[in-house]
Colleague: 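One structure is given below, represented as structure tokens, and several questions about it will come after.
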Amino acid sequence: MNSLEDQLFPKPKYFEVKPGFFNIPSSFTFHIENSIFQSLQEHFHQIGNASENNGSNSHIIIVQENKHDSEGYHLKIIQDKIIIHASEPAGAFHGLQTLKQILKLSECESKIPCIELTDFPKLKRRGFMLDVSRCKVPTMDSVFSLIDLLSVLHINEFQLYIEHTFAFQAHQTVWENASPFTAEEIQKIDQYCKERFIELVPNLNSFGHFERWLRHADYKHLAECPDGFRRENPFIERDHGTTLKPNQQSLDFINSLYAEYLPNFSSNQFNVGMDEPWELGQGWCKDKVEEIGKDKVYLNHLDGIRKLVESHGKEMHFWADVLLEKPENAKLLSPTTRPIIWGYEPDHPFDSEAKAISSCGLKYCLAPGTGTWRSFTGRWSSAKENINSAVKNTVKHDAEGILLTSWGDCGNHQPWATLYPALLYGAAKSWNNKKISDQELCDGMNFHLFEGQKKTPAKALIELGELDKQISSKIPNTSLCWFILFAPLPEKLLSFLKKNHNVQQLQEGIKYLQTIQKTLNFSDNNNQINLVDKEISMGIELSMIALNKAIKLLQGKKWEKLSPKHNLFSNYEKLWLTRARKGGLQESMSILLECLANED
């Protein structure tokens, strides 16, 4: 039987069992000694029907003690009471989350051992970003459930990646089929986050990745390449633009969006994106790029965006990929800009990139990934090593923290649950930077996702994410099974498979998936376990279809597509609508149908 300390997730910094026991009452009373902690009252009510008691004989007492980190706390369980010491409400809140975990782990007991523990974060900034623009816009219930999970994992920042999925009043053409977030919904999410000491940082891409707008006639005049473009690495071919012109007209347009979007957030931070302006220099600004260089054109426009952001009372965060093409340009940035260094592979050069940004004295963070997009299974080993590197270099180069990203590129076909291993792992690493075994991660998922049940799909999620490792696939940012179905240059797929894989290897992959499938229980007693089992099963089915296709190609045989009436497609739709809104489903489904279905 694991000790109580070993069962806590994330683990606290210091934990010591003391002599004696605290008898668990049928209901708790609590006392808040300082008015600074009054905002925590609602969270006390979630602990055993707790009620406030003005006396020091309460079961739980919150005491202000200024020696702690603003998010740190000291939890002391003695024979007659529980005392949480903290300097700020956020620290007391984290202490309450740990206390709730201890009580939940002991719910079959009448008493718990006396304990002293001290805890505080390793990283100041511990963020999670969810892509809600690539087809899949989660329901409000899904968002609130996710925020609840983030709060017990001590995450203190949340971002919703927005391209077009906010209901701008004058731009219905852009979002009408996307089921976007409304201003009222964003305000509710913001308040929900604040109550859990999470900062909802606005995120709106403001330069590149603007294809959802520029494909429409009303916005083509704003495009760098209004009639489309082609590039080779990475291969992209479009009949419309993806990047705005770097001019005043674009700045004025973006500012009009900011004026409507930003007032819905209480945060004074703002992630403006600015990554991957793929066709910059191919169209409207070609002459200027040839004259002064693409980097200078980009930096000038970035500074224009910064001034807009600051006019709205925010600090600008932006993705640093273009900046890092010439890292020496970091010294040209305003000291108020905050780069985000992103990279999603184990060998991403966080070390050199962080060193370059850090040397300029800028505040910045590192952004690893969950490894779940362009995949049906996730890429767990890659994600784990990527997160480890990000945390290591955050500490080494004194960055503010990490922003763990979960993208939804190319249709967002990944099952929602595949993000959980990396999310829990990344949250724990950024809180305490301790070594975490797969078994400890499974136990953490069992507790936080599945109400402490033992027969859960937690282990299956981790094993599912090892498929690429099992079949020796190392495609950057992509799982082999996804690539087999959606390769951007399908005419080159066979030569790729012949060079990198063989039939026996892929057959072993199918056997591996079949073994995972047999472990799923499809519980009738736990809706969350049942849902995750179904999501894993969907990931397995899509992966097996892909592997069978690859085997047929390597054998020189014809691969038969599915009937459009195959139950895979109806199951995909049902699972989608369990967590997400209807908008975007048709687009995601059409991509699946094009690759998998015949023309019956």
Side-chain angles (χ1 to χ4, degrees), residues 131-137 160-183 186 202-232 234-262 272-289 294 297-298 301-302 304-305 308 322 408-412 486 488 581-594:
D131 185 345
V132 297
S133 286
R134 273 59 174 263
C135 298
K136 192 176 291 180
V137 181
L160 297 168
Y161 172 74
I162 300 283
E163 292 176 359
H164 68 300
T165 48
F166 177 79
F168 291 102
Q169 292 183 11
H171 304 289
Q172 185 172 350
T173 299
V174 172
W175 53 256
E176 61 184 347
N177 296 316
S179 299
F181 289 105
T182 65
I186 292 293
N203 182 317
L204 181 67
N205 224 331
S206 305
F207 190 38
H209 289 290
F210 229 77
E211 56 266 29
R212 300 287 187 167
W213 297 74
L214 300 179
R215 64 178 53 169
H216 298 286
D218 290 346
Y219 304 95
K220 281 184 177 290
H221 66 283
L222 296 167
E224 166 76 6
C225 294
D227 298 320
F229 68 99
R230 177 189 171 103
R231 60 173 289 148
E232 297 302 324
F235 177 77
I236 301 174
E237 189 171 22
R238 297 282 188 273
D239 62 3
H240 55 271
T242 71
T243 301
L244 293 167
K245 296 175 184 175
N247 68 352
Q248 188 60 47
Q249 185 182 34
S250 292
L251 290 173
D252 291 342
F253 173 71
I254 287 293
N255 195 37
S256 71
L257 301 184
Y258 290 175
E260 184 177 352
Y261 182 64
L262 292 177
V272 298
M274 302 292 292
D275 60 316
E276 299 179 330
W278 296 122
E279 68 272 32
L280 184 64
Q282 289 191 29
W284 181 86
C285 71
K286 182 178 181 181
D287 291 343
K288 197 67 175 176
V289 165
K294 187 178 80 169
V297 170
Y298 177 87
H301 194 65
L302 178 69
I305 291 288
L308 294 182
V322 179
D409 298 31
C410 307
N412 214 322
F486 303 126
R581 309 173 192 210
K582 190 172 182 179
L585 172 59
Q586 182 178 357
E587 179 183 344
S588 181
M589 183 71 81
S590 68
I591 297 170
L592 268 186
L593 287 167
E594 181 179 354

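The figures here come from the full heavy-atom set of this structure, side chains too, leaving out hydrogens, waters and symmetry mates.
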Colleague: Determine whether Leu244 and Ile254 make a side-chain contact, defined as any pair of heavy atoms from C-beta on separated by less than 4.5 Å.
Modeller: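 Contact flag for Leu244/Ile254 side chains = yes.
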
Colleague: If you compare all heavy atoms of Leu222 against all heavy atoms of Ser250, which two are closest, and at what distance to 0.1 Å?
Modeller: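 Reported closest heavy-atom pair: O-OG, 3.9 Å.
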
Colleague: Validate the cation-pi geometry between Arg212 and Tyr219: distance from NZ or CZ to the six-membered ring centre under 6.0 Å, angle to the ring axis within 45°.
Modeller: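 Judged by the rule, Arg212 and Tyr219 form no cation-pi pair.
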
Colleague: Under a 4.5 Å cut-off applied to non-hydrogen side-chain atoms, are Gln586 and Asn177 in contact?
Modeller: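 Result no, sub-4.5 Å side-chain heavy-atom pair not found.
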
Colleague: Please identify which of these residues, His171, His164, His240, meets the ring-ring contact (aromatic ring centres under 6.0 Å, His included) condition with Trp213.
Modeller: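 The single option meeting the ring-ring contact (aromatic ring centres under 6.0 Å, His included) with Trp213 is His171.
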
Colleague: Using only atom types and a distance under 3.5 Å, with no angle test, would you say the side chain of Tyr298 pairs donor to acceptor with the backbone of Pro246?
Modeller: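 No, Tyr298 side chain to Pro246 backbone: no donor-acceptor pair under 3.5 Å.
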
Colleague: Could you grab the distance from atom CG of Leu160 to atom CG of Leu204, nearest 0.5 Å is fine?
Modeller: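 So the CG of Leu160 and the CG of Leu204 are separated by 12.0 Å.
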
Colleague: To the nearest 0.5 Å, what is the distance between SG on Cys225 and CG on Asp239?
Modeller: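 CG of Asp239 is found 12.5 Å from SG of Cys225.
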
Colleague: Could you go through the ring pair (Phe, Tyr, Trp, His ring centres under 6.0 Å) check for Phe166 and Phe181 one step at a time?
Modeller: CA-CA 5 Å; Phe166 177 79; Phe181 289 105; 8.7 Å; no

Colleague: If you look at every heavy atom in Gly411 and Ser588, which pair is closest and at what distance?
Modeller: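 Taking every non-hydrogen atom into account, O-OG, 2.7 Å.
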
Colleague: Which value, rounded to the nearest 0.5 Å, describes the distance between Lys136 atom NZ and Thr165 atom OG1?
Modeller: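 One finds 14.0 Å between NZ of Lys136 and OG1 of Thr165.
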
Colleague: Can you tell whether the side chains of Glu237 and Arg230 come within less than 4.0 Å, N to carboxylate O?
Modeller: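 Answer for the salt bridge query: yes.
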
Colleague: About how many Å separate SG of Cys410 and CD1 of Ile591, when rounded to the nearest 0.5 Å?
Modeller: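 If I round to the nearest 0.5 Å, the distance is 7.0 Å.
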
Colleague: Hey, is NZ on Lys220 packed in by over 12 heavy atoms from elsewhere, all under 6.0 Å?
Modeller: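 Result for NZ/Lys220: enclosed.
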
Colleague: Quick one: CD1 on Ile305 to OG on Ser206, what's the gap to the nearest 0.5 Å?
Modeller: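 Reported value, rounded in 0.5 Å steps: 5.0 Å.
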
Colleague: Hey, are Arg134 and Glu211 close enough for a salt bridge, meaning a charged N less than 4.0 Å from a carboxylate O?
Modeller: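 Salt bridge flag = no for Glu211 with Arg134.
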
Colleague: Looking only at non-hydrogen atoms, find the nearest pair between Pro180 and Arg581 and report the distance.
Modeller: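 Closest heavy-atom pair between Pro180 and Arg581: O-NH1, 3.2 Å.
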
Colleague: With a cut-off of 6.0 Å (strictly less than), are more than 12 heavy atoms of other residues, nucleotides or ligands near CD of Glu176?
Modeller: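 Above 12, so yes.
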
Colleague: Set out, in order, the CA-CA distance, both residues' side-chain angles and the distance that settles side-chain contact (heavy atoms from CB on, under 4.5 Å) for Cys285 and Leu280, then state yes or no.
Modeller: CA-CA 7 Å; Cys285 71; Leu280 184 64; 3.6 Å; yes

Colleague: Which heavy atom in Ala223 sits nearest to a heavy atom in Leu214, and how many Å separate them?
Modeller: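 That would be CB-CD1, 3.8 Å.
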
Colleague: Which pair of non-hydrogen atoms, one from Val289 and one from Lys294, has the smallest distance, and what is that distance?
Modeller: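 Result for this residue pair: CG1-N, 3.7 Å.
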
Colleague: What pair of heavy atoms forms the shortest contact from Gly408 to Asp131, and how long is it?
Modeller: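 Taking every non-hydrogen atom into account, N-OD2, 2.9 Å.
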
Colleague: Between Phe210 and Phe253, what is the ring plane arrangement, given parallel below 30°, perpendicular above 60°, and tilted in between?
Modeller: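 Ring orientation of Phe210 relative to Phe253: perpendicular.
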
Colleague: Side chains of Glu260 and Tyr258: donor-acceptor distance under 3.5 Å anywhere?
Modeller: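 Tyr258 and Glu260 do not have a side-chain donor-acceptor pair below 3.5 Å.
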
Colleague: Between Arg231 and Gln282, does the side-chain contact (heavy atoms from CB on, under 4.5 Å) criterion hold? Intermediate values first, please.
Modeller: CA-CA 10 Å; Arg231 60 173 289 148; Gln282 289 191 29; 4.3 Å; yes

Colleague: Roughly how far apart are Thr243 OG1 and Glu279 CD, rounded to 0.5 Å?
Modeller: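 Here the interatomic distance stands at 3.5 Å.
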
Colleague: Please lay out, stage by stage, how Trp278 and Arg238 fare under the test side-chain contact (heavy atoms from CB on, under 4.5 Å).
Modeller: CA-CA 11 Å; Trp278 296 122; Arg238 297 282 188 273; over 6 Å; no

Colleague: Pick out which of Val272, Asp275, Ile162 makes a side-chain contact (heavy atoms from CB on, under 4.5 Å) with Asn205.
Modeller: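 Only match with Asn205 under side-chain contact (heavy atoms from CB on, under 4.5 Å): Asp275.
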
Colleague: With no hydrogens and no angle check, is any side-chain donor or acceptor of Glu224 less than 3.5 Å from a backbone partner on Lys245?
Modeller: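 Checking the backbone N and O of Lys245 against the side chain of Glu224, no donor-acceptor pair under 3.5 Å is found.
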
Colleague: Near Gln169 CD, under 6.0 Å, is it more than 12 heavy atoms from other residues, nucleotides or ligands?
Modeller: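 For Gln169, atom CD is not crowded (no more than 12 foreign heavy atoms under 6.0 Å).
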
Colleague: For the pair Phe486 and Leu592, evaluate side-chain contact (heavy atoms from CB on, under 4.5 Å) and give the outcome as yes or no after the intermediate values.
Modeller: CA-CA 9 Å; Phe486 303 126; Leu592 268 186; 3.8 Å; yes

Colleague: Would you say that more than 12 heavy atoms from the other residues, nucleotides or ligands in this model lie under 6.0 Å from the CD of Gln249, or not?
Modeller: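 Yes, because the 6.0 Å sphere around CD of Gln249 holds more than 12 heavy atoms from other groups.
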
